[in-house]
Chemist: 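I have a structure I would like to understand better, so I am pasting it below and will then ask my questions one at a time.
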Amino acid sequence: ARLAVESPDKDYLKGLRNKTGVYHLWIDYDECDDHDSYTMLCVYVGKGLAEVRVNEHIKKKWPEKETLYVSFYECSNRIAKYIEQLFLDVYQFYLNEYENPGTKSLFAVWDNERHLLGTELHAVSNLSNITSIDDL
């Protein structure tokens with residue numbers, strides 16, 4: 001989902017309604033005009049009921065006037081807990097305050113369509129695009 005937080009429209013998150021899994025919150029990091037792509041920086045990883053949790057983050061943590069990008073992987077809460085902890089152990093997320101010993105930044109390269117229209121069109125996360133800053 002792509003959401004301009006200065007005027008949040010909850011319809012952007014309706015695809016997450018009643019779904020449990022792992023979600024990532026992203027911001028724009030860089031743009032490549034030559035390849036019509038965008039490098040995104042992940043600033044938060046979380047688990048649980050995605051729509052409810054993302055809305056809580058918008059209210060409590062998200063900077064005003066910053067566009068929010070969300071990716072989501074649906075799975076059971078038990079699996080989500082393990083996946084979330086794996087991300088926290090490896091990567092450092094600006095908005096994760098607890099249990100985040102990771103040191104690397106998590107980046108993803110999105111094409112123009114995904115950046116413009118959001119990630120709802122991509123029901124299965126394209127994990128092959130995720131890389132660390134060292135690989136860029």
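Along the sequence shown, the residues carry numbers beginning at 1. Because only heavy atoms are used, hydrogens play no part in the values below, and waters and symmetry mates are left out as well, while side chains stay in.
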Chemist: Looking only at side-chain N and O atoms, does His115 offer a donor or acceptor that is under 3.5 Å from a partner on Asp28?
Modeler: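 On atom types as modelled, these side chains qualify, holding a pair under 3.5 Å.
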Chemist: Go through Tyr23 and Val54 one step at a time and tell me if the side chain to side chain contact (heavy atoms under 4.5 Å, CB included) criterion holds.
Modeler: CA-CA 8 Å; Tyr23 58 90; Val54 170; 3.9 Å; yes
Chemist: Given Leu95 and Trp62, is the side chain to side chain contact (heavy atoms under 4.5 Å, CB included) satisfied, shown in steps?
Modeler: CA-CA 8 Å; Leu95 296 177; Trp62 201 257; 3.7 Å; yes
Chemist: Identify, with sequence neighbours excluded, every residue that meets side chain to side chain contact (heavy atoms under 4.5 Å, CB included) alongside Asn112.
Modeler: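 Checked Asn112 against side chain to side chain contact (heavy atoms under 4.5 Å, CB included); matches are Asp36, Tyr38.
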Chemist: Whether the Ser71 and Trp26 side chains hold a donor-acceptor pair (N or O, under 3.5 Å, no angle test) is what I'd like checked.
Modeler: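 Yes, because at least one side-chain N or O of Ser71 sits under 3.5 Å from a partner of the opposite role on Trp26.
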Chemist: What residues, two or more places apart in sequence or in another chain, satisfy salt bridge (charged side-chain N to carboxylate O under 4.0 Å, His left out) together with Glu56?
Modeler: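 Residues passing salt bridge (charged side-chain N to carboxylate O under 4.0 Å, His left out) with Glu56: Arg53.
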Chemist: Pairs in or reaching into residues 77-88: which pass side-chain hydrogen bond (donor to acceptor under 3.5 Å, both in side chains), with residues at least two apart or in two chains?
Modeler: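 Every pair satisfying side-chain hydrogen bond (donor to acceptor under 3.5 Å, both in side chains) with a residue in residues 77-88: Gln85-Asp89.
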Chemist: Measure from the ring center of Tyr69 to the ring center of His24 and say whether it is less than 6.0 Å.
Modeler: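 No: the rings miss the under 6.0 Å criterion.
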Chemist: Not counting sequence neighbours, which residues clear side chain to side chain contact (heavy atoms under 4.5 Å, CB included) with Cys75? List them please.
Modeler: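 Cys75 satisfies side chain to side chain contact (heavy atoms under 4.5 Å, CB included) with Val22, Tyr73, Ile79, Ala80, Ile83 only.
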Chemist: With side chains defined as the heavy atoms from C-beta onward, is the minimum distance between Ser105 and Leu41 less than 4.5 Å?
Modeler: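 Of all side-chain heavy-atom pairs linking Leu41 with Ser105, at least one is under 4.5 Å.
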Chemist: Please determine whether side chain to side chain contact (heavy atoms under 4.5 Å, CB included) holds for the pair Asn18 and Glu51, giving the CA-CA distance in whole Å, both sets of side-chain angles, and the decisive distance to 0.1 Å.
Modeler: CA-CA 7 Å; Asn18 298 320; Glu51 181 189 30; 5.9 Å; no
Chemist: Minimum heavy-atom separation for Phe93 to Cys42, with atom names?
Modeler: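 For Phe93 and Cys42, the tightest heavy-atom pair comes out as CE2-SG, 3.4 Å.
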Chemist: Evaluate the side chain to side chain contact (heavy atoms under 4.5 Å, CB included) criterion for residues Leu88 and Asn96: first the C-alpha distance (whole Å), next the side-chain angles of each, then the deciding distance (0.1 Å), finally the verdict.
Modeler: CA-CA 8 Å; Leu88 290 169; Asn96 284 93; 3.7 Å; yes
Chemist: Does the side chain of Thr103 come within less than 4.5 Å of Val90's, by heavy atoms?
Modeler: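 Answer no - side chains too far apart.
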Chemist: Which hydrophobic side chains are connected to Val52, either touching it within the sub-4.5 Å cutoff or through other members that do?
Modeler: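 So far as hydrophobic clustering goes, Val52 is joined with Leu49.
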Chemist: Looking only at atom types and distance, does a side-chain atom of Lys59 sit under 3.5 Å from a main-chain N or O of Asn55, one as donor and one as acceptor?
Modeler: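 Checked: no pair found.
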Chemist: Do Leu106 and Phe87 make a side-chain contact, defined as non-hydrogen atoms from C-beta onward lying under 4.5 Å apart?
Modeler: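 Yes, side chains in contact.
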Chemist: For Phe72 and Ala50, work out which heavy atoms get closest and say how close.
Modeler: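 Answer, listing the atom of Phe72 first, then Ala50: CE1-CB, 3.4 Å.
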Chemist: Which heavy atom in His35 sits nearest to a heavy atom in Cys32, and how many Å separate them?
Modeler: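 That closest heavy-atom pairing would be ND1-SG, 3.0 Å.
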Chemist: Just how far is it from atom CZ of Phe107 to atom CG of Asp30, taken to the nearest 0.5 Å?
Modeler: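 Going from CZ on Phe107 over to CG on Asp30, the span is 9.0 Å.
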Chemist: Test of understanding: with ring-ring contact (aromatic ring centres under 6.0 Å, His included), list the residues that count as partners of Tyr44, not counting sequence neighbours.
Modeler: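 Per chain and number, Tyr44 pairs via ring-ring contact (aromatic ring centres under 6.0 Å, His included) with His57.
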